[in-house]
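What you see below is based on every heavy atom in this structure, not just the backbone, and it leaves out hydrogens, waters and symmetry mates.
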Amino acid sequence: MPGSGDHGPLPMDWFIRARLKLRHLQLLAALDDHRNLARAAAALAMTQPAASKLIAEIESMVSTPLFERLPRGMEPNLFGEILIRRARSVLIELEGAARELAATRAGAAGQVSVGAVSGPASGPVVRAIERVRRTRPGMSISVQVETSGPLVARLLEGRLDFAVARIPPGIDASALEYREMADEEIGLFVRASHPMLSGPPPDLAALALQPWVLQPPGTLLRRRIEGLFRAAHLAPPREVLNTEGVMMSLSLIDRIDAVTALSRAAAEVFTRPGGRFRMLPAVPGAGRIAIDTFGLIRLAERPLSPAAEALYEAVEAELRPVAARGRS
């Protein structure tokens, strides 16, 4: 809350005229990390009086206190949280500029960080990277494969150039540009020696009695699988091992007679003829299994670098046929 020093609204260009220094921004981030002035100062290799002076300078610039002074530390108030968030964004941008300059100096054709959920990551994103590297062989590309929540959080923090994901519930999408692409088809997989493969295709009643390896409760895929059983008036499987990783899921079903649900695109590389895993045939009465539509997500007001733009366009081109198949 504003203190007694609050002098009313700030002019729109105050940030530029205030002459905030890099050290101010670094101290704001350090105080957010440590919530203690002495520890924050130590992390930046400065004295506590010097750090205290910098905080006083910032609070003078904005004409209001930014932190609550507590007996054992400092907590940012609403104004402090706003400035910390923006300070972190500036620092991340500067770190990105340093990496991009270093990569360019070393002969790389740009640097890109992209995030993707598992399905498109293993197919369209890989093919897009292959395509772009043919024309930009020196490009440095970082790919993070995760669920949508962490990916969108990193995108909003400025740590990703763009993501192939879903906008999670509760996220303010006003800062995002979202281009819807396709849903994600799901298959049910078992190891090649699973007894169910030797008989007729199992129905949902038979599958409900099997051990399963699934994403944790509450995740999108877990809700979709449990919904299949509930729609058929069956209780969802009770014997479930929880894991989010594709490799861990496959490692588990490689050792036990269990069923797992995975993106077909993500699992197809492991289920080729002669491989260790098989996808179960269509489950009678279940129809096509898919989860919600994903899309290309970027920050609305942050232009992509030429390298990121090239990869973004390549990923979009790879996703168009996927989207068309889903609509047909």
Side-chain angles (χ1 to χ4, degrees), residues 115-126 143-154 163-166 168 183-232 234-292 294 322:
V117 292
S118 60
S122 55
V125 172
V126 169
V143 182
Q144 299 180 29
V145 181
E146 254 286 10
T147 54
S148 295
L151 291 178
V152 172
R154 289 170 200 160
V164 187
R166 302 168 182 86
D183 65 15
E184 191 171 358
E185 189 168 3
I186 301 301
L188 305 181
F189 297 89
V190 296
R191 62 179 176 177
S193 60
H194 198 292
M196 282 197 302
L197 293 173
S198 60
D203 59 15
L204 284 171
L207 287 171
L209 302 176
Q210 294 292 317
W212 282 72
V213 177
L214 291 172
Q215 289 187 355
T219 55
L220 187 62
L221 179 52
R222 178 67 169 267
R223 295 199 308 271
R224 179 70 178 95
I225 295 301
E226 291 176 344
L228 282 176
F229 292 95
R230 293 195 176 100
L234 295 167
R238 292 187 176 182
E239 189 178 344
V240 179
L241 292 168
N242 301 306
T243 180
E244 291 192 11
V246 173
M247 291 305 299
M248 179 57 75
S249 298
L250 292 171
S251 295
L252 287 167
I253 69 167
D254 190 34
R255 289 165 174 76
I256 58 176
D257 285 333
V259 184
T260 192
L262 299 170
S263 164
R264 290 186 63 169
E268 68 178 1
V269 68
F270 303 102
T271 55
R272 291 170 180 165
R276 301 174 68 89
F277 307 100
R278 297 285 186 276
M279 188 174 77
L280 292 175
V283 179
R288 178 176 180 267
I289 307 172
I291 54 177
D292 293 354
F294 62 82
V322 178

Does a side-chain heavy-atom distance below 4.5 Å link [X] with [Y]?
X: Q210; Y: P237; answer: no
X: V164; Y: P124; answer: no
X: L207; Y: L228; answer: no
X: P211; Y: L241; answer: no
X: V145; Y: V246; answer: no
X: M248; Y: V213; answer: no

Which heavy atom of [X] sits nearest to which heavy atom of [Y], and what is that distance?
X: A165; Y: S148; result: CB-OG, 3.6 Å
X: N242; Y: P217; result: OD1-CD, 3.9 Å
X: S263; Y: G119; result: OG-CA, 3.1 Å
X: L204; Y: F229; result: O-CE2, 3.2 Å
X: A282; Y: P201; result: O-CB, 4.3 Å
X: P202; Y: V283; result: O-CG1, 3.7 Å

So, are R166 and E184 salt-bridged, with charged N and O less than 4.0 Å apart?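 A salt bridge links R166 with E184.
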
Donor-acceptor pair, [X] side chain versus [Y] backbone, under 3.5 Å?
X: R223; Y: G218; answer: yes
X: R224; Y: L220; answer: no
X: T260; Y: F189; answer: no
X: R230; Y: P236; answer: no

Within the supplied structure, the quantity of interest is the number of heavy atoms (other residues, nucleotides, ligands) at a distance under 6.0 Å from R264 CZ; does it exceed 12?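 Atom CZ in R264 is not packed in, count stays at 12 or less.
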
From [X] atom [atom1] to [Y] atom [atom2], the distance as rounded to the nearest 0.5 Å:
X: L151; Y: F294; atom1: CG; atom2: CZ; result: 12.5 Å
X: R255; Y: R191; atom1: CZ; atom2: CZ; result: 10.0 Å
X: I289; Y: I186; atom1: CD1; atom2: CD1; result: 8.0 Å
X: S251; Y: R276; atom1: OG; atom2: CZ; result: 9.5 Å

Can you name the one residue among I256, D254, D257, V259 that meets side-chain contact (heavy atoms from CB on, under 4.5 Å) with V190?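 The single option meeting the side-chain contact (heavy atoms from CB on, under 4.5 Å) with V190 is V259.
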
Audit row: E226, L214, side chain to side chain contact (heavy atoms under 4.5 Å, CB included) steps and yes/no: CA-CA 10 Å; E226 291 176 344; L214 291 172; 5.6 Å; no

Report the C-alpha distance between I253 and H194 in whole Å, list the side-chain angles of each, state the deciding distance to 0.1 Å, and finish with yes or no for side chain to side chain contact (heavy atoms under 4.5 Å, CB included). CA-CA 9 Å; I253 69 167; H194 198 292; over 6 Å; no

